[in-house]
2 protein chains.
Amino acid sequence: MNFHQKKIDKKKKMATELKDLTKRSEDYSKWYNELVVKAELAEQADVRGCMVIRPYGYAIWEKMQRVLDDMFKETGVQNAYFPLLIPKSFLSKEAEHVEGFAKECAVVTHYRLKTNDTHDGVVVDPAAKLEEELIIRPTSETIIWNTYKNWIKSYRDLPILCNQWCNVMRWEMRTRLFLRTSEFLWQEGHTAHATREEAEERAKQMLKVYAKFAEEYMAVPVIQGVKSETERFAGALDTYTIEAMMQDGKALQSGTSHFLGQNFGKAFDVQFLNKDNKVEYAWATSWGVSTRLMGALIMTHSDDNGLVLPPKLAPLQVVIIPIGKGDQMAMLDEKAEAILKNLKAMGISVKYDNADNKRPGFKFADYELKGVPVRVVLGARDLEKGLVEVMRRDTLEKENVAIEGIEDYIKNLLNDIQQNIYQKAIKFRDAHIYECDNYDEFKERIKEGGFFLCHWDGTEETEAKIKEDTQATIRCVPFMFEQTEGTDMVSGKPAKARVLIARAY
Amino acid sequence: MNFHQKKIDKKKKMATELKDLTKRSEDYSKWYNELVVKAELAEQADVRGCMVIRPYGYAIWEKMQRVLDDMFKETGVQNAYFPLLIPKSFLSKEAEHVEGFAKECAVVTHYRLKTNDTHDGVVVDPAAKLEEELIIRPTSETIIWNTYKNWIKSYRDLPILCNQWCNVMRWEMRTRLFLRTSEFLWQEGHTAHATREEAEERAKQMLKVYAKFAEEYMAVPVIQGVKSETERFAGALDTYTIEAMMQDGKALQSGTSHFLGQNFGKAFDVQFLNKDNKVEYAWATSWGVSTRLMGALIMTHSDDNGLVLPPKLAPLQVVIIPIGKGDQMAMLDEKAEAILKNLKAMGISVKYDNADNKRPGFKFADYELKGVPVRVVLGARDLEKGLVEVMRRDTLEKENVAIEGIEDYIKNLLNDIQQNIYQKAIKFRDAHIYECDNYDEFKERIKEGGFFLCHWDGTEETEAKIKEDTQATIRCVPFMFEQTEGTDMVSGKPAKARVLIARAY
């Protein structure tokens, strides 16, 4: 490292300190909250519990959407759009569903405002009261099955495979950006089938799509499994889930897929003539992922310098920064343009930042904070030797690389980063999964986080006791581990299988 | 035409009759309403004034979104997301804006339901009343400018160029699918600038983007112009518009772009330090197009057989239908697969429909109804001569074409259809634009529809009188016609220019 390099590193350090990000080891929760805001992903809106998703955050979400949407369509799913507002009475048609959702929804009661008496504001016009209140959708099973009723007459009309990308609203008391907000963005798939088998198969198929997306694109390893009865979606016979481990050892439920049986078919009277010419209720699934995935993405990979993004979802994959002065700049610009052009032709998103009102050190810190996977520094002196400096964001390692063939080097490096952060996340997770057979030990160790594989007797009582004692919940009966019979660590009763227990977001 | 062909045509006629679409000449309005439903584009939801956009309709909207989104991004615009709900008090901060929007909005007053006394339904929980009511966004200037306040300190933070794709809600009393619904989907761009000139330039630039999209993709010719004061967006200094002519001679406002001056900057106290180090209010624009474009698309091109779609926006561009029996089918399938593969490689969306539970005639009518631009019939007998039958949806003309090189023929045909329907629409529109200088004549002729270019004295009184007498409105001061001074046909006063007057959707 020469003097020039040292100076840059010092500036970089200063810029980082300016950003003033709390360290994960100090306060993981605070680190997350600060990071989301400082990296300009999202911020709290001046509307209770709602967020503004800023352009940089939204660009990541758009990339997620694009990939997921293509994956859905490959399985035959089509997009559609159903109303935002749901008549109140629809909610009570499915008994369990109403219990799960009625308690936390925004209610529209009027359809007009009018000028107030002092003519300096507006008030609700009492004359414009709705006969039946409307609910802002917390999820759309009810309005969609009310519509499917008119689409389904015969088994020939099935399956129906619809998805919608939309906003939903659940009134949350304690909110956190991306993880839990009153309004959030998501997709919700709703399918109708002629047979139970086909519906169950679809619910499982979509879980696999989610798992593939999480692992191959987000580089977030997930554990697939099925929820306990207590943790099921309101109205489902089975809820399948993918659970990811954050760096504090807590679980984040990242996507769910529900086999709804005939519950909504019956609630909304969706009958059809089956192949045997008999009338039957349609079978249903629903499945969704939301902007919560942003939280999972951020918390799995990022570090004390800011975001670490998987190259496949990074809005900007490469940034090129020149270091030079005066008459060196023309030459640097020219070199950069050539690399830029080649990278773009390879489908790599790249930006050349030669803005002269910000110092390199500031730029370095800013792109690190934003998690741009690869940084290329074009230094006049290095260039004389045919070299550029390449830094990979995941490890912060720097290397001097020949400018000749730099494009292929970068392409490989992006792949390498994608794989590396995924492997790192797997390694971290696997090091924090424990089999545990002793409840006292469990209660002690759960404080440090981690996933615990414990025998469970299958009763709600045991589940409730664990939750009360430790705040941990049964995340799922995981599919990936070989199951053995044993003894419930709490009740001492026989248990058929180990379940995954963790504290969760 | 051989016997075989006649039989098919008869079946086709039957199938068409089954569809039973009202003719445009009989009742244009009814034709539209039926077409939207029968072509499975959208339907009325069981929620007052709201629609369900069905997969086929949504697929067209998605294509529109994709193209527009790319066009926006090319001009530097980024997507973001702002809250659905707006505090009531925000609405009254801009005086004209509240007048324009407060009267037709959905009001959220409570955030919880509870089980009713008889335990068979849910009621609003009176304990969960909001301190301040929240409005479902009818448009987002207020919430967005309330956010921009925190983003803008210096001219260096400008411009901000955000767009969001979202749902909005305006309580409409009389609704029509796509044209006017309480909830609709749209994009709304909101930009902030350091200078008046830059903001005005942006407002005009986005109008041009809309016009280009309408003409090059939707094949809908539009007249660009500026609105009269009366017809301006609530809170704007200037509203630019694109106006399209439907087949009944009525105008459909297809997109608007607003120069908002400093109105929202002042209302939400968005000040910044300009280059001269002086504090100034930010300058604003907003611009939007909505699912209303679907209405314009349908009404411009479609005919008594159903939809006619421009190939660039058709979800399915080509359908291939085999006609043969028994052992002929294997050969037909094989031929079709080869064409299918080649067309897909050319980026053309194509479907091979060899379903054996529907007759060719039914399929023909159905794909005509859905507006698939090109139909290819693979007949066993024709194939022996190396021919296939190709029908273009726009003119319904059929031609026997050599199967050798059919892919290039189809590609050219798609381009030709795109051009042809655009030219047809221009021709129709131009034949229905009239200069008119006599008010009695105007009152008589406006009943038949059409666009009228008339001298206007610039007063609200004249504008109001025309509207009262004829239901027609000043659509805009158009940019495309050479302007001459003259005499207002209503008041007899001097007029600086001709304006475009029409009845409108």
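Model, not experiment: these values are computed from the prediction. A note on names: the letters A, B, ... follow the listed sequences, proteins ahead of strands, and every chain is numbered from 1.
- Using a 4.5 Å cut-off between heavy atoms, A:Met51 contacts chain B through its backbone alone, with no side-chain atom that close.
- Proximity to chain B among residues 59-67 of chain A is limited to A:Glu62, A:Arg66, judged by heavy-atom separations below 4.5 angstrom.
- Taking chain B as the reference chain and counting heavy-atom pairs below 4.5 Å, the highest number among A:Asn146, A:Leu130, A:Leu134, A:Val108 is found for A:Val108.
- For B:Ile144, no part lies near chain A; criterion is any non-hydrogen pair under 4.5 Å.
- Residue pairs that meet the side-chain hydrogen bond (donor to acceptor under 3.5 Å, both in side chains) test with at least one member in residues 150-161 of chain A, sequence neighbours left out, are A:Trp151-B:Glu43.
- The contact list for residues 71-87 of chain B toward chain A, using heavy atoms and a distance under 4.5 Å, reads B:Lys73, B:Gln78, B:Asn79, B:Ala80, B:Tyr81, B:Phe82, B:Pro83, B:Leu84, B:Leu85, B:Pro87 by residue number.
- Taking the side chain as every heavy atom from C-beta outward, A:Met173 and B:Tyr111 approach each other to under 4.5 Å.
- B:Trp165 contributes atom CH2, which lies 16.0 Å from atom CH2 of A:Trp165 (distance to the nearest 0.5 angstrom).
- Between A:Glu99 and B:Thr115 there is a side-chain heavy-atom pair separated by less than 4.5 Å.
- Counting heavy-atom pairs under 4.5 Å between each of B:Cys162, B:Gly57, B:Ala42, B:Pro55 and chain A puts B:Pro55 at the top.
- For A:Phe90, the part lying under 4.5 angstrom from a heavy atom of chain B is the side chain only.
- For a residue to count as touching a neighbouring chain, one of its non-hydrogen atoms must lie under 4.5 Å from one of that chain's; by this rule A:Ile136 touches chain B with the side chain only.
- Heavy atoms of A:Glu104 lying under 4.5 Å from chain B belong exclusively to its backbone.
- To the nearest 0.5 Å, atoms CZ (A:Arg137) and CG (B:Asn167) are separated by 5.5 Å.
- Using a 4.5 Å cut-off between heavy atoms, A:Lys114 makes no contact with chain B at all.
- Close approach to chain A, defined as a heavy atom under 4.5 Å from one of its heavy atoms, is seen in B:Gly121, B:Val122, B:Val123, B:Val124 of residues 116-126 of chain B, taken by number.
- Both the backbone and the side chain of A:Cys105 come within contact range of chain B, each with at least one heavy atom under 4.5 Å from a heavy atom of that chain.
- Note: A:Ala106 leads A:Cys166, A:Ala106, A:Ala128, A:Ala45 in heavy-atom pairs under 4.5 Å with chain B.
- The CG atom of B:Asp46 lies 9.5 Å from the OG atom of A:Ser89; values are rounded to the nearest 0.5 Å.
- Options A:Val107, A:Val52, A:Thr181 differ in how many heavy-atom pairs under 4.5 Å they form with chain B, and the most are formed by A:Val107.
- Here the straight-line distance linking atom CD1 of B:Ile135 with atom NE2 of A:His110 works out to 11.0 Å at 0.5 Å rounding.
- Side-chain atoms of A:Leu113 and B:Lys103, non-hydrogen and from C-beta on, never get closer than 4.5 Å to each other.
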